[in-house]
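What follows is one structure encoded as structure tokens, with my remarks underneath.
If you're wondering where the values come from, they're calculated on a predicted model, not measured in any experiment. Along the sequence shown, residues are numbered consecutively beginning with 1.
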Amino acid sequence: MENAIQNNQNGRQLLRYNIVFISLIAAAILLVFWNINSGPVHISLSEIYKIIFFKEGSVSKVNIIWEIRLPRLISSAVLGGGLAVSGFLMQTFFNNPIAGPYVLGISSGSKLFVALVLIVALKIVNYTNSLMLIVAAFVGALIAMGFVLLAARAIKQMSMLLVAGIMISYICSAVTEFLITFAQDSDIVNLHNWSQGSFSGVGWTEVKLSTEIVLVCVVIVFLMSKPIGAYQMGESYAQSMGVNVKRFRVYLILMSSLLAGCVTAFVGPISFVGIAVPHVVKLALKTAKPIVVVPCSFVAGSVFCMFCDYIARMAFSPIELSISTVTALFGAPIVIGMLVKRHGSRY
């Protein structure tokens, strides 16, 4: 009898996982077509099909699809998914549902070091590239994470950790503004546009590099599902399962920082994706098992950022909103709800 009940529960749980994942995939496919077909220049679905698969069509429309819409679409999907996975890793590391790269100041640390490279490197060597920005963002994320770890040792309350992250974010932003005062006008314009957060202007070189980094990190995180699941049960339990906790915590920091830094380097800081998306995914799945949460968080982050990018582009066209403005509009209420209801760190 107990085995029958258990099998029934497992069957229902598996059905829920499948429904959530298939729904996310369907939403992602819908948003891909929706985004490609949306813009100031109308291009029919038949024309889009010919342009994508055969590159047949007018030169202007081919350029619009291949040089503007497709790179932007792919970058929003890949980087949005990576940011969601980064948030899940931070929530696991801190055992805290409000932990995320933006709220804890990780993105601001990346922003500071990218700004330093953009201003100082252009002034000294008059040259920057994507790899330099990624390295700078990664270093900035690690340093900001270090300060958060120091604060987390002394702060146990969820709300106070949030305050500490906000203070770190303010400090990084203050130093960034200080650097801007010594920058040239052209550098300030570029830095301002980048710091607002936007998927516009992303080229195929950036898409290729960011996709390689994000997908490799996500695959590594997925392969770490078993030790992550053990770590969620507590450090003592993880050690009893053969997990080297100290080394494992370093891996979590490196993966989450690299994912958050990669996003910040290419499209600027994006708010609330890393908190809101994993939270909603875990609520929908009714589990925090990494083996299902990681892929679902990636797809959900892609869906969320593709949707928000569409709103940013089309809501007040031809004026474009920053992506963080839109993600905050939808993500902040979720975080407020988490704080008000005081959800626990287990799901």
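- In this structure the side chain of L24 reaches within 4.5 angstrom of the side chain of C296, judged on heavy atoms.
- Taken from CG in L223 to CD1 in I291, the straight-line distance is 10.0 Å, to the nearest 0.5 Å.
- Counting only distance, with no hydrogens or angles, the side chain of S76 and the backbone of R72 share a donor-acceptor pair below 3.5 Å.
- Taking the six-membered ring where the residue is Trp, F248 and Y231 present tilted rings, their angle falling between 30° and 60°.
- Residues I29 and F33 are in side-chain contact: their nearest non-hydrogen atoms beyond the backbone lie under 4.5 Å apart.
- Summarising the geometry of V207 relative to S75, their closest heavy-atom pair is CG2-CB, 4.3 Å, with the distance given to 0.1 Å.
- Residue I19 holds its CD1 atom at 10.0 Å from CG of L14, rounded to the nearest 0.5 Å.
- In this structure, the side chain of R69 does not engage the main chain of I64 through any donor-acceptor pair within 3.5 Å.
- For the atom pair L329 CG and S271 OG, the distance stands at 10.0 Å (nearest 0.5 Å).
- Under the 3.5 Å distance criterion, the side-chain polar atoms of Q91 are left unmatched by any main-chain donor or acceptor of P278.
- Looking only at distances, no side-chain donor or acceptor of S108 sits under 3.5 Å from a matching main-chain atom of S173.
- Here the CD1-OG1 distance, from I171 to T176, works out to 11.5 Å after rounding to the nearest 0.5 Å.
- The hydrophobic clustering, which links ILVMFWY residues whose side-chain heavy atoms are closer than 4.5 Å, places L70 and I68 apart.
- Within the 4.5 Å cutoff, no side-chain heavy atoms of R16 are placed close to those of T287.
- Side-chain contact between I65 and E47 is absent, with no heavy-atom pair separated by less than 4.5 Å.
- The two residues S257 and A141 come nearest to each other via the heavy atoms O-CB, 3.7 Å.
- Taking CG of L89 as the reference point, atom CE of M255 lies at 8.5 Å (rounded to 0.5 Å).
- Counting heavy atoms from C-beta outward, V299 and V281 have side chains that stay 4.5 Å or more apart.
- F298 and V78 make their closest contact through CE1-O, 3.8 Å (heavy atoms, listed as atom of the first residue, atom of the second, distance).
- For residues 257-271, no pair satisfies salt bridge (charged side-chain N to carboxylate O under 4.0 Å, His left out), with sequence neighbours left out.
- The only member of V267, L259, I213 that meets side-chain contact (heavy atoms from CB on, under 4.5 Å) when paired with L79 is V267.
- Between the side chain of S317 and the backbone N or O of M314, no donor-acceptor pair lies under 3.5 Å.
- Scored by the salt bridge (Lys or Arg N to Asp or Glu O under 4.0 Å) test, E206 finds no partners at all (sequence neighbours excluded).
- Here the side chain of S225 pairs a donor or acceptor atom with the backbone of F222 at under 3.5 angstrom.
- For the pair N244 and Q239, the minimum side-chain heavy-atom distance is 4.5 Å or more.
- With F266 as the fixed residue, the side-chain contact (heavy atoms from CB on, under 4.5 Å) test singles out one of V214, L209, L133, V202: L209.
- Under the 4.5 Å side-chain criterion, counting only non-hydrogen atoms from C-beta, Y251 is in contact with R247.
- Ring planes of F304 and F330: perpendicular class, angle over 60° (limits at 30 and 60°).
- Side-chain contact annotation: S198 with E320, donor-acceptor N/O pair under 3.5 Å present.
- Using a 4.5 Å cut-off on side-chain heavy atoms (C-beta onward), L321 and F316 make contact.
- Between the W34 side chain and the F307 main chain, no donor and acceptor come within less than 3.5 Å of each other.
- In this structure, the side chain of S256 engages the main chain of I253 through a donor-acceptor pair within 3.5 Å.
- Applying the ring-ring contact (aromatic ring centres under 6.0 Å, His included) rule to pairs touching residues 9-30 yields nothing, sequence neighbours excluded.
- With rounding to the nearest 0.5 Å, the separation of OG in S107 from CG in L83 is 6.5 Å.
- Applying side-chain contact (heavy atoms from CB on, under 4.5 Å) to T327 and the options I270, V277, D309 leaves one that passes, I270.
- Nearest heavy atoms, V114 versus A265: CG2-CA, 4.3 Å.
- When every heavy atom of C172 is checked against every heavy atom of L112, the shortest pair comes out as O-CD1, 4.0 Å.
- S324 and S322 are not linked by any side-chain donor-acceptor pair at a separation below 3.5 angstrom, with hydrogens and angles left out of the test.
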